[in-house]
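Order of listing sets the numbers, starting from 1, for every ligand and every atom in it. Side chains included, hydrogens not; waters and symmetry mates left out as well; all remaining heavy atoms used.
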Amino acid sequence: MQASGESVRIGDGGVAAALLGWYDVNARRLPWRALPGEPAPDPYRVWLSEVMLQQTTVAAVRAYYAKFLELWPTVDALAAAEDADVMAAWAGLGYYARARNLLACAREVARRGGFPRTEEGLRELPGLGAYTAAAVAAIAFGQRAVVVDANVERVVSRLFAIADPLPGGRTAIRAATDTITPDQRAGDFAQAMMDLGSSICTVKAPRCLLCPLADSCAARAAGTAEAYPVKAEKKAKPTRTGTAFWIEQDGAVFLVQREGKGMLGGMRALPDDGWSARTDGHATPPVPGEWRPAGVVRHGFTHFDLELQLMLCGSADCASLPPGEFWPVDTVEAAGLPTVFAKAARLALANR
Ligand code: SF4
């Protein structure tokens, strides 16, 4: 890492020049990246990584990214995949709507014969939001686009000391980012901002002495860097309760496929009581049998926390089971259960 040299000024290209100079030396090596000076990466890889990285850390994404590329090396291969296979491969990454959108988008790209090259064209693809469109346009196609993720939000809010609280403050942050985004190397600039945010301009204790933008930074000058970005007060998350059922027969556990677009839609799961709507946690088992409680699994979703009571069955009358499948208990971790049900499965295996 190197400290900043000459003084730079906001708005005259100085920020971009200083940042790109820093990036040329300090760019992170990531599997989906091209380093400065290398040809732009395949848009499929850029898009796939950006979708995975939303709400998820680089460390968590690496293995999933490698697995997806191995299973589906091209967007056409992904477009031809079975829904259930993709949902299972995504299991554990969370925010499962992303996987459903990923498939819808891949199929539209395959139908069109490739990714559109502009931000506007990319926005027309199903499930592809403003951030991803800007990132793919800039990084894969070298288009000037204003790319603002959480790292960029933090850097820019500090650089300009933007005091409007998030989420409303995003308009001002985006406008400020626009003023410093260069016409050339917009993809490198976006990735440089992300790298600066993750390695130097960190949430706690930013390392301003090593920052190439230190001389331009309003928050640093005021000694208030950690106060940005300002966030609106969070409402306390509600807690919901529900019940999941472990029905085992001949070394296999009964799994269902959750309905299309609801919570964890399309994923394999243990049968449950529809906890997304319940508050009391008392539920009728799907089949008669000798049921006993086996503990509670706690899991945090974006808008609520879940306490999921797990019920085990000694001997169940399986004649009246709803549609589903029996999956070998020994390989249940390969069933692609979303995290909350994977936790429930581990609890069942420890208590059966
Ligand atoms: S000087 Fe400090 S607060 Fe300002 S952008 Fe750099 S690391 Fe962040």
For Ala225, counting its heavy atoms only, list the atoms of ligand 1 lying under 4.0 Å from any of them. 3 (S)
The atoms of ligand 1 lying under 4.0 Å from a heavy atom of Ala214, numbered in the order shown, are 1 (S)
Return yes if a side-chain donor-acceptor contact under 3.5 Å exists between His299 and Lys343, otherwise no. yes
Can you tell me if Glu226 has over 12 outside heavy atoms packed within less than 6.0 Å of its CD? yes
Would you give the length of the straight line joining atom CZ of Phe301 to atom CG of Leu264, rounded to the nearest 0.5 angstrom? 5.0 Å
Provide, to 0.1 Å, the distance between atom 4 (Fe) of ligand 1 and the closest protein heavy atom, together with that atom's residue and name. Cys217 SG, 2.3 Å
Which residue and heavy atom of the protein sit nearest atom 6 (Fe) of ligand 1, plus the separation: Cys211 SG, 2.4 Å
Do any of the N/O/S atoms of Cys208, backbone or side chain, fall under 2.8 Å from atom 4 (Fe) of ligand 1? no
Report the nearest protein non-hydrogen atom to atom 8 (Fe) of ligand 1: residue, atom name, distance rounded to 0.1 Å. Cys201 SG, 2.4 Å
Establish, yes or no, whether a centroid distance under 6.0 Å links the rings of Trp47 and Phe115. yes
Side-chain heavy atoms under 4.5 angstrom apart, residues restricted to Ile, Leu, Val, Met, Phe, Trp, Tyr: same cluster for Val296 and Trp246? no
Per-atom contacts, ligand 1 versus Arg220 - under 4.0 Å to a heavy atom: 1 (S)
In terms of the angle between their ring planes, are Trp72 and Phe68 parallel, tilted or perpendicular, with boundaries placed at 30° and 60°? perpendicular
